[in-house]
Amino acid sequence: MSFKKIACIAALSLSAISSFIYAGSAQAISFKMTTGIAGPNGETNQGAFSEFTKLPGTTTINFNDGKVPTTGFAKYSFENTSGTSSVRSDVWAPPGVKDTDINKSSYLAVFNGDKVTINLDGYLNYFGIDWGAISANNTFSFYNGNTLIKTFTTADVNPVAPTHGSQQNGEGSGYVHFYSNSTNDIFNKIVISQTSTNGGGFESDNHSFHSGTDRFTGFDPKAVPEPSVILGMLTVGGMFLRKRKNEKLQSVSQSH
Ligand SMILES: [Ca+2]
Ligand SMILES: [Ca+2]
């Protein structure tokens with residue numbers, strides 16, 4: 001194989017890796033689930049709060065005035081065909097850090113095919129939500145304007161719920177954090193819905209929004225490429241060098 005051919009193959013491999021990196025970041029909102037933390041003043045009867053509540057650029061909505069905000073940074077609107085979705089206070093409120101930390105405050109409940117759309121005044125790279133009494137068909141959708149970026153459902157997120165509270169028929173709960181991995185994945189509209197009309201509700205509290213137009217650095221402050229990508233590039237580089245060496249050896253032996 002000629003040096004030119006090898007160089008060409010190496011270049012192609014590198015460009016394949018580059019396009020993989022690009023494709024990988026083109027559609028990437030990730031999520032993590034944690035127990036969350038107590039309220040800003042240590043409250044344990046208000047549901048769980050985001051670990052990023054005090055991060056500069058974070059706004060938190062706790063629904064404790066009994067209604068959704070319709071003005072300001074985050075504007076909520078109901079598509080309430082069932083007439084039962086509302087801000088309320090009852091035993092189905094998402095619990096606190098421990099599933100025995102009963103939430104006595106108001107929270108948001110969405111039922112029976114209804115939706116709540118949250119329009120933001122600016123771009124976000126993070127959305128956190130205390131999610132309780134987890135039911136099938138709870139759905140989270142993230143948009144940039146009218147373009148859907150990513151949808152998550154109960155099936156995606158529930159398997160890693162940290163608690164399954166005895167207070168709520170053993171249904172899961174936890175604080176779920178959605179975050180952008182790149183500037184391609186920032187969002188300015190969120191729709192939360194209970195897409196089934198066959199029972200189950202979507203109960204949540206303490207929504208936290210972090211403003212940003214690039215990747216969210218809260219979980220991983222260092223902006224470095226993934227280790228696997230670096231390893232891939234080293235492997236390609238190594239193959240290229242080895243092939244060159246072999247070829248040199250071959251030419252030497254042929255000349256004798
Ligand atoms: Ca609340
Ligand atoms: Ca539920």
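All ligand and atom numbering here is 1-based and tracks the order in the structure. Just so it is clear, the structure is predicted and the values come from calculations on it, not from any experiment. In what follows, residues are counted from 1 in the order of the sequence shown.
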> Hey, what's the ring geometry for Phe31 with Phe178, parallel, tilted or perpendicular (30° and 60° as the breaks)?
Replying inline: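 Because their plane-to-plane angle lies in the 30° to 60° range, the rings of Phe31 and Phe178 count as tilted.
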
> His177 vs Phe219 aromatic rings, parallel, tilted or perpendicular, using cut-offs 30° and 60°?
Replying inline: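 It falls in the perpendicular class, over 60°.
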
> Does the ring centre of Phe140 sit less than 6.0 Å away from the ring centre of Phe202?
Replying inline: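 Yes; Phe140 has its ring centre under 6.0 Å from that of Phe202.
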
> What pairs of residues pass the salt bridge (charged side-chain N to carboxylate O under 4.0 Å, His left out) test when at least one of them lies in residues 186-206, not counting sequence neighbours?
Replying inline: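 Those involving residues 186-206 do not exist here.
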
N/O donor to acceptor pairs below 3.5 angstrom from side-chain atoms of residues 63-75, sequence neighbours left out:
from  : atom 1 : to     : atom 2 : distance (Å)
Asn64 : OD1    : Ser105 : OG     : 3.4
Asn64 : ND2    : Gln46  : OE1    : 2.9
Asp65 : OD1    : Lys67  : N      : 3.3
Lys75 : NZ     : Gly72  : O      : 2.9
Lys75 : NZ     : Asp121 : OD1    : 2.8

> Tell me, which protein N/O/S atoms are under 3.0 Å away from the Ca ion (ligand 2)?
Replying inline: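 Protein N, O or S atoms closer than 3.0 Å to the Ca ion (ligand 2): Ala133 O, Ser135 OG, Gly201 O, Glu203 OE1.
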
> Checking Asn169 side chain against Glu171 main chain: does a donor-acceptor pair fall under 3.5 Å?
Replying inline: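 Side chain of Asn169 to backbone of Glu171: no pair is present.
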
> Can you check whether Thr153's main-chain N or O pairs, donor with acceptor, with Thr139's side chain at less than 3.5 Å?
Replying inline: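 No, because the side chain of Thr139 does not come within donor-acceptor range (under 3.5 Å) of the backbone of Thr153.
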
> Under 3.0 Å from the Ca ion (ligand 1), which protein N/O/S atoms are there?
Replying inline: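 Counting only protein N, O or S atoms under 3.0 Å from the Ca ion (ligand 1), the list reads Asn62 O, Asn64 OD1, Ser105 OG, Ser106 O, Asp205 OD1, Asp205 OD2.
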
> Can you tell me if Ser141 and Thr151 form a side-chain donor-acceptor pair at under 3.5 Å?
Replying inline: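 Yes, side-chain donor-acceptor contact under 3.5 Å.
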
> Less than 4.0 Å between a side-chain N and a carboxylate O, is that true for Arg215 and Asp220?
Replying inline: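 Judged by the 4.0 Å cut-off on N to carboxylate O distance, Asp220 and Arg215 do form a salt bridge.
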
